[in-house]
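Please read the structure below before turning to the comments.
So you know, we letter chains A, B, ... as the sequences are listed, proteins then strands, and number each from 1.
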Protein chains: 2
Amino acid sequence: MHSEAVASRSAEHRDSRDPRDSRNGTPHLDAVSLAIIEQLQQDGRRPYAAIGKAVGLSEAAVRQRVQKLLDQGVMQIVAVTDPLTVGFRRQAMVGINVEGDVEAIADALTDMAEVEYVVMTAGSFDILAEIVCEDDDHLLDVINKRIRAQPGVRSTESFVYLKLKKQTYMWGTR
Amino acid sequence: MHSEAVASRSAEHRDSRDPRDSRNGTPHLDAVSLAIIEQLQQDGRRPYAAIGKAVGLSEAAVRQRVQKLLDQGVMQIVAVTDPLTVGFRRQAMVGINVEGDVEAIADALTDMAEVEYVVMTAGSFDILAEIVCEDDDHLLDVINKRIRAQPGVRSTESFVYLKLKKQTYMWGTR
DNA sequence: GCCGAAGCTGCGAAATCCGCAGGCTTCGAT
DNA sequence: ATCGAAGCCTGCGGATTTCGCAGCTTCGGC
């Protein structure tokens, strides 16, 4: 019977028709876009023609897809550095416990320039936040004067970084 | 006395003569390279000529500097994505306590594909590791079968991500 | 059937990238 | 003091890439 072919076709149709995931507003990514992202995870400046050759698309098509991925916020092409070499000598992860509105505290942390990373978690901390500072004084100031000063912050625990062993950006490249 | 002037001169000389920091192997960065990095943190594909105009250098000079920064491993230009949109639905930070050689454990974690981020810390954990997985089963497998199986791992504590609030790559751009 | 949206291709013009030769300065050695 | 090597910059021409646009096809709605 031809039901298999029909199912395959309808799946293709869904892929191309609906660019959005039903659960949230995140756009849907097909295999080709994923392959393009992989290429750019290896080298953010790789030419469109080279990417096209790798994923089986014309240069113009790759260009349009990349532009859309950037516009949609699915990916960004940026330079990433080791903070130490750029003059930030103290980093720490801070575990935070909150009473009341966790998301409000998370938003407040998000607004701080020294806070690089904020995530709400399940477990013995409500929030984990990564702090990037120039020196010890700066770090102390951020943790004690700014974070702990937030109303609703019940307690914090700090983990000062001693040595960064790994930091990759290769999701999807494995 | 002139000891201050002498010290100042010798420091200048060290900066320009020796591209490496004495403490570790990290190369020294001058203000211009920092400015170039800032440009590329805003847009990893910005043309060299535009960067040159912004930092006061010729196109060729910018190109040479960027190439050197990449070769030295000071920065990398890559596409970064939201893991959720590329199909990784479970993430967690894992705090680890170790008996014996902490760095050996950290190295073992570094070799795992699902481990995105490894840092040795001071505080109540010896190591923090970020895990990126496709689903709960995958996450469970990595934590229980792979991480806790490492000899020397005394205990672990997991923080499953509920919501990622902030993730920037803008060191130096503030 | 007809129309609009979305996505891909091909192509020519403009912009960018790239390699290289040459100039300038610093620094160490003779 | 002079010389040579090294490091870094500029300028330039050719190769490559990017960019905008017109046209084609598919698919779903009316």
Mind listing the N/O atom pairs, protein and nucleotides 18-20 of chain D, below 3.5 Å?
from	atom 1	to	atom 2	distance (Å)
D/dT18	OP1	B/Arg45	NH1	3.2
D/dT18	OP2	A/Tyr48	N	2.9
D/dG20	N7	A/Arg63	NH1	3.2
D/dG20	O6	A/Arg63	NH2	3.2

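- One atom, CG of B/Asp71, and another, P of D/dC8, lie 13 Å apart when rounded to the nearest Å.
- Following rounding to the nearest Å, B/Gln39 (CD) and C/dT16 (P) show an atom-to-atom distance of 14 Å.
- A parallel orientation is assigned to the rings of A/Phe125 and B/Phe159, their planes being inclined by less than 30° (bins at 30° and 60°).
- For the pair A/Val74 and B/Val86, the minimum side-chain heavy-atom distance is 4.5 Å or more.
- Residues B/Glu130 and B/Tyr161 have side chains that bring a donor and an acceptor to within less than 3.5 angstrom of each other.
- Taking B/Asp71 as the reference, B/Gln67 meet the side-chain hydrogen bond (donor to acceptor under 3.5 Å, both in side chains) condition, with sequence neighbours excluded.
- Taking side-chain N and O atoms only, B/Lys68 has no distance below 4.0 Å to OP1 or OP2 of D/dG7.
- With B/Lys166 contributing its side chain and A/Val119 its backbone, the two residues share no donor-acceptor pair below 3.5 Å.
- Remark: P of C/dC24 and CD of B/Gln64 are 17 Å apart, rounded to the nearest angstrom.
- In this structure, NZ of A/Lys53 is placed 18 Å from P of C/dC8, rounded to the nearest angstrom.
- In this structure the side chain of A/Leu70 reaches within 4.5 angstrom of the side chain of A/Met75, judged on heavy atoms.
- Rounding to whole angstrom units, CG of residue B/Leu57 and P of D/dG7 are separated by 18 Å.
- The distance between atom CD1 of B/Ile51 and atom C1' of C/dC17, rounded to the nearest whole Å, is 12 Å.
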